[in-house]
Number of protein chains: 2
Amino acid sequence: MTARRGGGPTMHDVGKLAQVSAMTVSRVLKNDPGVSQATRERVFAAVDQLGYRRNETARSLRLGGSGMIGLVVTNLANPFYSRLALGVQEVATEYGFRVVLSNSAEQVEKEPGLVDGLIDHQVEGLIVVPAGSRQKHLADAMRHVPVVLAARPPAGLDTDCVLVEDFHGAREATASLLAEGHTRIAFLGNPPALYTGTERLRGFWAAHEEAGVEPDNTLIRQGLVDAATAEQAAAELLDRADGPTALFCTNNRISHGAIRALHKAGTTIPLAGFDDFELSDVLGLPLTLVSYDADEIGRQAARLLIDRLDQRDGQPPAARRVTVPTRVIRHGPPSAGPGAGPRPLA
Amino acid sequence: MTARRGGGPTMHDVGKLAQVSAMTVSRVLKNDPGVSQATRERVFAAVDQLGYRRNETARSLRLGGSGMIGLVVTNLANPFYSRLALGVQEVATEYGFRVVLSNSAEQVEKEPGLVDGLIDHQVEGLIVVPAGSRQKHLADAMRHVPVVLAARPPAGLDTDCVLVEDFHGAREATASLLAEGHTRIAFLGNPPALYTGTERLRGFWAAHEEAGVEPDNTLIRQGLVDAATAEQAAAELLDRADGPTALFCTNNRISHGAIRALHKAGTTIPLAGFDDFELSDVLGLPLTLVSYDADEIGRQAARLLIDRLDQRDGQPPAARRVTVPTRVIRHGPPSAGPGAGPRPLA
DNA sequence: CTGTTAGCGCCTTCAA
DNA sequence: TTGAAGGCGCTAACAG
């Protein structure tokens, strides 16, 4: 309640009460050894009595270095991002940094503003999952603080990033469908402007080539941005006489949409996709999911960033690229194979 | 890269380049009308050339008021909290505040430290979803800044909160099971130390009383903290000869655990619970879910807080209590009623 | 229209 | 072991 703007006791107030100078208070609070036990105690008592809290804003102004790192993601409601954020926080906390989180709420055009805002607030570094393909604002940001990218590679920037084995995972999951005899696999993908979009399509394609199967271009739908668009695309494909015998989805939201389409159509065909999700194992659907540790992406990104922060005075390290492994998980009933065609849902 | 601690150009640098004083730069950046167009342009040019960004830390030190509000939640990975966070951000941004997010990662004992840290960083107010039942640290916090509680009522504090219709929702969902003839409904609940725990149990109980059904105490399990503990509790109950014919779960994680237990047991009985979740409609289970808008909790909490911030100099408003409505959603096949007993899963 | 002075709360440096 | 001076970057309040 004391808190009208600028209220609150200062070190000076504490000092007055403890009958020492503000300087001594500062020393006590910093655990500086050169203070007598007696004054120490008086100071702590005064701190307690006043409910004094050190003003970190003033402190960082003086010291230079706010102890904060910024994290920019597009959509916290997507578990991928929230887990990533948790990973970042875990490592940041360990190294004494605070994380300031910004969320662009799916609006790509807001990202530059968020990045600028974080820099204005003196974050010492940034971890960004770029929402779009333009990274000019990140180049600008790098003039001020180190920037590490997560889940997307730099485009025209020279900096670190943490990536998922997008190509490998997509290839493996697709291969598993092909191995079951499927030759008409639909591809439901996010916009190709995104790295993950093209990379996962490449994996999909490579698996086909390796299996000697020609992908049917009419079964490839890109540019899906959420569960709703994915559901519609899936529904259209399923409705075709020469529809797919299996689906490949490039992320969790697209899988959700496709699953909903299958459900509404009252049929099921095997589905492979990126990102495991909660309850995937109880759906009773034949799922092949490419799973990876989103927390770990965040942890690694934080480590790369903090490492860069540690080396600020020296030669900045060359851009590094860290990869987080994927593994394929099978859920639900064994696939009936392509011959069986769409099964009615039990 | 320029960013060793304390680096970066200052207003003074900009001024020198534009041949004006730092004060004039300040005025230009603040859109102060009393500056000639010519100098304006020179200043902007200099800003551009230097890549200057105003130091918000110094600014807020001077102005008093950081423009930040703090949000403390236990687990961002839970969609309930991430949606709440989105709601807070939405309103905060609208009013020109930045949100600093802290996550206690399920460790109740970390919460006081997070709150203190946010205060040290000069947040102007706090929104907290208290993890435990002790709120002493929040009383301390209120000495410094206004605090608004979300999803839990204050205990021994005099401040605003935003609540869900816990009692009402639980009663309604339970009543719907009772109306189908179930008399042996298991209650799977979180720790009774939590408000939501007791409140939802009250609703469960009230529905029974109204239906003239005596709840079986041996079917009531409280203190479940995550999906795993819930799964185990559900499994034990389902294993009993005189087990329940329906389940009531007090939150999404407990529902997930229970659903997994049902799945592993290869049976299904109707399940009612708090929190709708993704794909709930596709599970093919008879679900009765109490749904509400978690974003809205965040939005309302932010509004209450900002309103308090606006009134800092005047008389602080009396503690307000806002309620977010619930509604009951039915998914999956119609309930077979209690007579049918556990059905084998399709 | 523009500049000077002073100080937000803290800490580094130097002196006692 | 403690204190005084000065300044981090910025901006109100007062000149001019």
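The chains referred to below are lettered A, B, ... by the order of the sequence lines, with proteins before strands, and numbering in each begins at 1. Note that the structure is predicted; figures quoted are calculated from it, not measured.
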Figure out the [atom1]/[atom2] separation between [X] and [N], and round it to whole Å.
X: His12(A); N: dG3(D); atom1: NE2; atom2: C1'; answer: 12 Å
X: Asp13(A); N: dG9(C); atom1: CG; atom2: C1'; answer: 10 Å
X: Gln122(B); N: dC8(C); atom1: CD; atom2: C1'; answer: 11 Å
X: Lys16(B); N: dG3(C); atom1: NZ; atom2: C1'; answer: 17 Å
X: Arg53(A); N: dC10(C); atom1: CZ; atom2: P; answer: 12 Å
X: Asn55(B); N: dG7(D); atom1: CG; atom2: P; answer: 18 Å

Next on the checklist: With the threshold set at under 4.0 Å for non-hydrogen atoms, list the residues of residues 112-120 of chain B touching DNA chain D in residue-number order.
Outcome noted: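 Under 4.0 Å from DNA chain D: no residue of residues 112-120 of chain B.
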Short question: side chain of [X], backbone of [Y] - any donor-acceptor pair under 3.5 Å?
X: His121(A); Y: Met68(A); value: no
X: Asp13(B); Y: Thr10(B); value: yes
X: Ser60(B); Y: Glu56(B); value: yes
X: Gln135(B); Y: Pro130(B); value: no
X: Thr159(B); Y: Val147(B); value: yes
X: His144(B); Y: Gly51(A); value: yes
X: Ser66(B); Y: Gln122(B); value: yes
X: Ser26(B); Y: Ala22(B); value: no
X: Gln89(A); Y: Leu84(A); value: no

Item to check | Terminal axes of the helix from dC1(C)-dG16(D) to dA16(C)-dT1(D) (five pairs each): angle between them, nearest 10 degrees | outcome: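 End-to-end axis angle: 40°.
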Next on the checklist: By the salt bridge (charged side-chain N to carboxylate O under 4.0 Å, His left out) test, which pairs, at least two apart or in different chains, include something from residues 132-141 of chain B?
Outcome noted: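 Pairs touching residues 132-141 of chain B that pass the test: Lys136(B)-Asp140(B).
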Item to check | Pair listing, salt bridge (charged side-chain N to carboxylate O under 4.0 Å, His left out) test, anchored in residues 72-99 of chain B, at least two apart | outcome: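 Non-adjacent pairs meeting salt bridge (charged side-chain N to carboxylate O under 4.0 Å, His left out): Arg83(B)-Asp295(B), Glu90(B)-Arg299(B).
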Next on the checklist: So, OP1 or OP2 of dG3(C): does either fall under 4.0 Å of a side-chain N or O from Thr24(B)?
Outcome noted: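 True: Thr24(B) side-chain N/O within range (under 4.0 Å) of dG3(C) OP1/OP2.
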Next on the checklist: dG9(D), OP1 or OP2 - any side-chain N/O from Thr10(B) closer than 4.0 Å?
Outcome noted: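 For dG9(D), neither OP1 nor OP2 has a side-chain N or O of Thr10(B) closer than 4.0 Å.
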Next on the checklist: Just to be sure I understand the geometry, which residues of residues 33-45 of chain A put a non-hydrogen atom under 4.0 Å away from DNA chain C?
Outcome noted: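 Of all residues in residues 33-45 of chain A, none places a heavy atom under 4.0 Å from DNA chain C.
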Next on the checklist: With a 4.0 Å cut-off on N to O distance, would you call Asp120(A) and Arg53(B) a salt bridge?
Outcome noted: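 Result for this pair is yes, salt bridge flagged.
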Checklist entry - Between Asp160(A) and Arg308(A), does at least one N-O distance fall below 4.0 Å, as a salt bridge requires? => result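 Salt bridge flag = yes for Arg308(A) with Asp160(A).
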Next on the checklist: So if I define the base as every atom that isn't primed, P, OP1 or OP2, how would nucleotides 11-16 of chain C read as a B/S/- string at a heavy-atom cutoff under 4.0 Å?
Outcome noted: BBB---
